[in-house]
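Notes follow the structure.
We use all heavy atoms of the structure for the numbers below, so side chains are in, but hydrogens, waters and symmetry mates are not. Atoms within a ligand are numbered from 1 in the order they appear, just like the ligands themselves. Given the structure is predicted, the values throughout are model-derived calculations rather than measurements.
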Amino acid sequence: MDIEALFRQAADEAARFRNSVSDRLHRPGEDYAAALHAFEEPLPETISEPRAVIEALVARADPGLNLMTGPRFFGWVIGGSHPVGVAADMLTSAWGQNAGNHSAAPAASAAEAISARWLLELLDLPRESSVGFVTGATVANFTCLAAARGEVLRNKGWDVDAQGLFGAPPITVLIGDDAHTTVFSALQFLGLGRDRVIRIATDGEGRIRPDAFVAGLATIDGPAIAILQAGQINTGAFDDFAELIPAAKARGAWVHVDGAFGLWARACPDKRPLAAAVDLADSWATDGHKWLQTPYDCGYAIVRDELAHRRAMTIAASYLPLAQAGERDPSHYVPELSRRARGFATWAMIKYLGRSGIAELVERNCHAAGEIARMLAARKGIRVLNRVQLNQAIVQFGDGLGPDAQDRMTQDVIALLQKEGQVFVGGAEWRGRQVMRISVSNYQTDEDQAEQAAEAILGAYARVSSGMA
Ligand SMILES: *Cc1c(COP(=O)(O)O)cnc(C)c1O
């Protein structure tokens, strides 16, 4: 097999896709049904020519690719899969390291170990913390909460890792009403229950109300976990860590923070005050594939008490060499044994951007979100519902109309924009009303892109409100 020609073909196609940004719309060219049709064929019976396989893959996939890496893709907090990270990831695939074990995969394990140290410095979290490299914040929340579950029960003399939850002292879980849905999933996977929680009331920005939190803490009678948030998915708001964390700790609760994107405010001097005192918590979940721009998938489970982290996750077997002092097995901090060497792309992105590059990126994205919000709010009939302090804006159209008409108009503007493809925005329900969500988290998004995006949104609104769309 001509490996060089095959890899060159893949690299050429990858570059062609990434260079087509200005010619492509910010939406898939074809929908799911068309994509299914493109891939549909009977099970292949015989071996094929390698380059023909890649050629067929590109031909079938390309029309159904979304421009999620584009500079005006604001649908979700999705990052940009930066070319430097992608190049490192191509090598990661080619190198084919099973990154579970330090002696079997020394380079992969070392890249994680050093990246872990860099991450703690960038986010300014306790340097003794351990970091698990997982698929994303969903599994990072799961991993951190598994450590929390184990530790709060161990403190009551119960070994949940060996004995499970049957017969264990009940754990009180406090969580904000506007927490991300994946945190509830993590609680579900851990046997802690999605609904068996005390939901704490939040304010207009989705922040936990301190008075309600204190009332929730007063009900604690045994092991407890409190879950806070850095960066609400709609408003970008932060819980008041300086007030809430010490209060929870005083009641003996483990404090976990979901900071999938918001924790990166810590890496940006101007935004850092938003996440002040978050380092007082016990564990933190965050993503690499959002603001750090690593390719999919990459998230980090960070736990202050390394032993609690390892107890919850360690996989041991007689055929696996044991890590000694000074060595680190990637598999000790994550649910999986065999896994991708995510440390390479993380290392490459931090090496490339450096501390100042990451700070500049976060700052620039936040500025872009603010500019879009400012331009939209200046138009009569458009209302920005949140305080745009980070990278998130939620917007309502048809101000002055009745609630139903406003909801319809907001949905119509979103639908028209998604059809036109100049900018990708999503919708959500916020406080019972339909809103447009704008999430800025791409390395290419600057003030110029923000202006183009705002013009496109204003244009769509004008067409919808004049009945032309
Ligand atoms: C994106 C996100 C998650 C889930 O992260 P994944 O990377 O999708 O697993 C959790 N919490 C918040 C606040 C998020 O923005």
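- For the residue pair T294/H289, the side-chain donor-acceptor check at 3.5 Å is not satisfied.
- With no hydrogens or angles considered, a side-chain donor-acceptor pair links N365 and W291 at under 3.5 Å.
- A perpendicular orientation is assigned to the rings of F344 and W95, their planes being inclined by more than 60° (bins at 30° and 60°).
- Crowding of R387 atom CZ: a count of heavy atoms from other residues, nucleotides or ligands under 6.0 Å not exceeding 12.
- In this structure F74 satisfies the ring-ring contact (aromatic ring centres under 6.0 Å, His included) test with no other residue, sequence neighbours excluded.
- Relative orientation of the F73 and W76 rings is tilted, given thresholds of 30° and 60° on the angle between their planes.
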Pairs under 3.5 Å, nitrogen or oxygen of ligand 1 with protein nitrogen or oxygen:
from, atom 1, to, atom 2, distance (Å)
ligand 1, 5 (O), D287, OD2, 3.3
ligand 1, 7 (O), A137, N, 3.3
ligand 1, 7 (O), D287, OD1, 3.0
ligand 1, 7 (O), D287, OD2, 2.8
ligand 1, 7 (O), H289, NE2, 2.7
ligand 1, 9 (O), A137, N, 3.2
ligand 1, 9 (O), T138, N, 2.9
ligand 1, 9 (O), T138, OG1, 2.6
ligand 1, 11 (N), D258, OD1, 3.2
ligand 1, 11 (N), D258, OD2, 2.7
ligand 1, 15 (O), K290, NZ, 2.8

